[in-house]
Amino acid sequence: MSEKSILVVNNGAYLTLHYRLATLDGEDIISTFHESPATLLLGQGQLAPSLEDALLGLEEGSHTTQELAPEQAFGLRNPDLIQRVSLKTLRENSAFGEEFKVGDLIDFSAPSGGKFAGVIQELDEESALFDFNHPLAGQRVLFETKIIGIL
């Protein structure tokens with residue numbers, strides 16, 4: 001009789017899993033546990049690289065919760081990513097007549113063709129102060145996973 005080998009998550013693995021990101025007090029940020037499980041190919045950017053790294057080495061069938069430091073999750077807050085944008089520039093790159101308020105998440109086009117987003121922190125008559133950090137930057141998070149299958 002041969003023993004069945006235990007499959008573990010490695011780079012390039014095709015996974016079926018449930019996952020949940022939550023604040024340290026348990027408030028869900030995103031969860032698939034009450035929906036269909038997610039399927040992903042590790043290394044293709046379907047999850048943030050740091051979250052994919054947290055999956056490496058987990059066994060098929062495992063159900064774990066990891067507390068991730070900011071450096072393991074969405075990075076530390078970078079003060080260089082808080083920048084002023086003139087309202088003139090903002091209006092030139094927005095839909096005609098669009099109104100802006102503190103807390104709005106605004107998408108921008110990068111010169112390379114990509115997209116990035118920032119949240120308006122404050123507004124005055126000439127400019128808006130944007131925070132371009134990821135909203136979860138600087139925060140510890142819980143990363144719960146249940147590995148259903150590994151191919």
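These values consider heavy atoms only, across backbone and side chains, with no hydrogens, waters or symmetry-generated copies. Because the structure is a prediction, the values reported are computed rather than measured.
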Residue pairs involving [range] (criterion salt bridge (Lys or Arg N to Asp or Glu O under 4.0 Å); sequence neighbours excluded):
range: residues 38-52; result: none
range: residues 102-118; result: K101-D104
range: residues 137-151; result: R20-E144, E67-R140
range: residues 79-89; result: R84-E122, R84-D124, K88-E92

* **Set of residues satisfying ring pair (Phe, Tyr, Trp, His ring centres under 6.0 Å) with respect to F132, sequence neighbours excluded** => F108, F116, F130

* Would a hydrophobic clustering, with Ile, Leu, Val, Met, Phe, Trp and Tyr connected at side-chain separations under 4.5 Å, put L42 with I30? -> yes

* Do L56 and L47 belong together in a cluster built from hydrophobic side chains that touch within less than 4.5 Å? -> yes

* **Donor-acceptor under 3.5 Å (T32 side chain, Y19 main chain)** => yes

* Knowing that exactly one of I147, I150, V9 qualifies, which makes a side-chain contact (heavy atoms from CB on, under 4.5 Å) with L17? ->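 The side-chain contact (heavy atoms from CB on, under 4.5 Å) with L17 is passed solely by I147 among I147, I150, V9.
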
What are the two closest heavy atoms between [X] and [Y], and how far apart are they?
X: T23; Y: I29; result: N-CD1, 4.0 Å
X: P79; Y: R77; result: CD-O, 3.6 Å
X: L41; Y: G12; result: CD1-O, 3.2 Å

* Asked: Taking only residues at least two apart or on different chains, which pairs with a member in residues 45-92 satisfy ring pair (Phe, Tyr, Trp, His ring centres under 6.0 Å)?
  ->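 Only F33-H63, F74-H134 qualify under ring pair (Phe, Tyr, Trp, His ring centres under 6.0 Å).
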
* To do: Quick one: pull up CG in L123 and CG in L87 and give me the separation to the nearest 0.5 Å.
  => 6.5 Å

* Can you establish whether the number of heavy atoms outside I6 located under 6.0 Å from its atom CD1 is more than 12? =>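 No, not enclosed.
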
* Asked: Strictly by modelled atom types, are T39 and T16 linked by a side-chain donor-acceptor pair under 3.5 Å?
  ->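 Not at all, the side chains of T39 and T16 share no donor-acceptor pair under 3.5 Å.
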
* Check step by step if side chain to side chain contact (heavy atoms under 4.5 Å, CB included) holds for L51 and Q72. => CA-CA 7 Å; L51 297 180; Q72 297 170 289; over 6 Å; no

